[in-house]
Undergrad: 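Here it is, the structure, as structure tokens.
In what follows, residues are counted from 1 in the order of the sequence shown.
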Amino acid sequence: MNITPGKAEMSRFNISPDDDTSSTSSNSIEYSNGPTKKVPLTSQYGDVDAESQNFLPSYTQGNKKYEVEYHPGTASFGMSVFNLGNAIMGSGILGLSYAMANTGIALFVILLIAVSIFSLYSVHLLLKTANEGGSMVYEQLGQKAFGLPGKLAASCSITMQNFGAMSSYLYIVKYELPIVIKAFIDNEEVWYSNGDYLVLLVTLIIILPLSLLKNLGYLGYTSGFSLLCMVFFLIVVIYKKFQIPCPLTNDFLNMTVNGTLAQLNATIIDYSEDSCKPKYFVFNSQTVYAVPILTFAFVCHPAILPMYEELKDRSRKRMQGVANVSFLSMFIMYFLAALFGYLTFHDMVEPELLHTYSRLFKFDVVLLIVRLAVLTAVTLTVPVVLFPIRTSVNQLLGASKEFSWIRHTIITVTLLSGVNVLVIFVPTIRDIFGFIGASAAAMLIFILPSAFYIKLVKKEPLKSVQKIGAILFLASGIFVMFGCMSLIILDWVHNATGQGDGH
């Protein structure tokens, strides 16, 4: 779910050396193979408020130094793969069919392979930089590399990414909850079937009370539930492809689906034979959103280092193996979800795939279960995603370590108000996927890992193959970021209404 847990900077790691980290350099880390030990360090978190400390290891305060007790990692290879899969998987999967519809199958596959390989290369750079730079904290790597500007760049990128994730989750509430309610009522014009009102109600009644809690640790289990929901969603997308004919037939329009009558909305899709032919290369004004949607779907990099720290028998090679398996699993899930969603609706697929089915079915038991599961998962995940954003805001404001309910409440209400305003007034989830994918996700995948690597890994000369590769990767990231942002802004300018209401 792209959640960034809190963590503490380390001057020594319990990491097994490998080929790239065993060489000596002024920047390299001293490896410790011994049992649990206390490591003195001077930390940036001396003034962190009590809330932030829920995410930090326990420490004993001295005048200027702390002693932090570090344990060997306990997460197995398999559990680490599952956890990283959780971090990768999120609402981005709902937009992939839309990306395929606006690129074509062949071009989409090329882009999907490219983004997944680039993301894995970015993980490689990040792990190597953490070993050489002496920190398991994304923001601290930025500070070590470029001082305060580097720290702010990392912190702002992570905050924007999490803010975008929160917005996408509330968009799902806005899109899907009205459909669930309308399935059980005859009058579809009642106020409580309006998505904007429902977002506000869910925020006030469920999300705000949970977000005000000081410790949200128990809600972490919802990330696993969310992953299961997305697997269920994928199964249903594949099943519906073989149930819904193209073009639509009268037999299908009169058929019974799961014991209930398949009813058509007024906005029913008018299929023709030509519209049912898959396209392999497509270029239009919406094609520019494909790369940002894919980067948004794959970003998980702030969670990489905390998982590296928790990995049992950890080494960079072993953690890279975890990333390889996780990314391959997500690649398969993303490809199948995009392909079968696209082959079901072709050019008529919407920015949020699950909502597209509402144009065909007024009530369907399987889709209703999927909607309820996804709604539950995303609603409970919003407070978890908000937690690190609030902690980051606390630190940027220079808050004292004393916990303040007034400050805690004001920041929480302000963040949730901002997200609600965004969800209500921005017409479609496509714009969130596009903007966050082109900005924060591009920073976290392309720009920051390569920039930190170039600056902090001293043992490799600037003209080495590794450094040249990182420089090219950095340049490509800058090109992707500014190119996509420019084209997206041009699309907004020339087509202010976009996709209407996004439905």
Side-chain angles (χ1 to χ4, degrees), residues 1-9 41-69 136-140 142-143 148-149 151-167 169-170 199-223 302-303 306 379-423 440:
M1 305 296 291
N2 301 330
I3 302 167
T4 311
K7 47 279 188 219
E9 179 187 4
L41 81 151
T42 305
S43 172
Q44 65 155 333
Y45 295 109
D47 59 350
V48 174
D49 59 280
E51 176 194 5
S52 307
Q53 295 168 10
N54 290 329
F55 277 118
L56 300 176
S58 56
Y59 58 81
T60 307
Q61 185 172 358
N63 291 331
K64 292 187 177 179
K65 292 187 177 181
Y66 305 105
E67 284 190 349
V68 183
E69 187 172 347
M136 285 288 194
V137 184
Y138 210 119
E139 296 90 335
Q140 277 300 294
Q143 188 166 34
L148 183 59
K151 178 183 177 182
L152 288 176
S155 180
C156 290
S157 297
I158 292 171
T159 299
M160 282 183 62
Q161 176 65 31
N162 284 350
F163 198 84
M166 287 172 57
S167 302
Y169 298 150
L170 287 182
V199 166
L200 292 172
L201 280 176
V202 169
T203 300
L204 287 172
I205 296 172
I206 302 175
I207 296 174
L208 180 59
L210 291 175
S211 299
L212 287 174
L213 297 175
K214 288 173 65 176
N215 190 346
L216 299 178
Y218 69 94
L219 282 179
Y221 293 106
T222 60
S223 61
T379 301
L380 294 178
T381 303
V382 170
V384 184
V385 179
L386 183 140
F387 197 104
I389 301 177
R390 184 174 55 214
T391 301
S392 180
V393 171
N394 262 318
Q395 292 184 35
L396 290 176
L397 293 176
S400 66
K401 65 180 180 180
E402 294 298 327
F403 180 81
S404 166
W405 274 110
I406 295 176
R407 183 180 69 243
H408 179 85
T409 304
I410 290 174
I411 294 175
T412 302
V413 171
T414 302
L415 288 172
L416 287 177
S417 299
V419 172
N420 274 267
V421 168
L422 188 67
V423 170

Undergrad: To the nearest 0.5 Å, what is the distance between OG (S155) and CD1 (I389)?
TA: 10.5 Å

Undergrad: Does the side chain of P388 come within less than 4.5 Å of I158's, by heavy atoms?
TA: no

Undergrad: So which atom in Y138 and which in A154 form the shortest heavy-atom distance, rounded to 0.1 Å?
TA: CD2-CB, 3.8 Å

Undergrad: CD1/I410 to CZ/R390 distance, rounded to the nearest 0.5 angstrom?
TA: 13.0 Å

Undergrad: I need the minimum non-hydrogen distance between S157 and A153, along with the two atoms involved.
TA: OG-O, 2.8 Å

Undergrad: For T379, check side chain to side chain donor-acceptor pair (under 3.5 Å) against everything at least two apart and list the hits.
TA: none

Undergrad: If I take atom OG1 from residue T412 and atom CH2 from residue W405, how far apart are they, to the nearest 0.5 angstrom?
TA: 9.0 Å

Undergrad: I need the L416 CG to L170 CG distance, nearest 0.5 Å.
TA: 8.0 Å

Undergrad: Measure across S211 and H408 and return the closest heavy-atom pair with its distance rounded to 0.1 Å.
TA: O-NE2, 4.0 Å

Undergrad: Output the distance between atom CE (M166) and atom CG (L386), rounded to the nearest 0.5 Å.
TA: 4.5 Å

Undergrad: Hey, what do you get for CG (L208) to CG (L213), rounding to the nearest 0.5 Å?
TA: 10.0 Å

Undergrad: Are side-chain heavy atoms of F163 and S167 found at a separation under 4.5 Å?
TA: yes

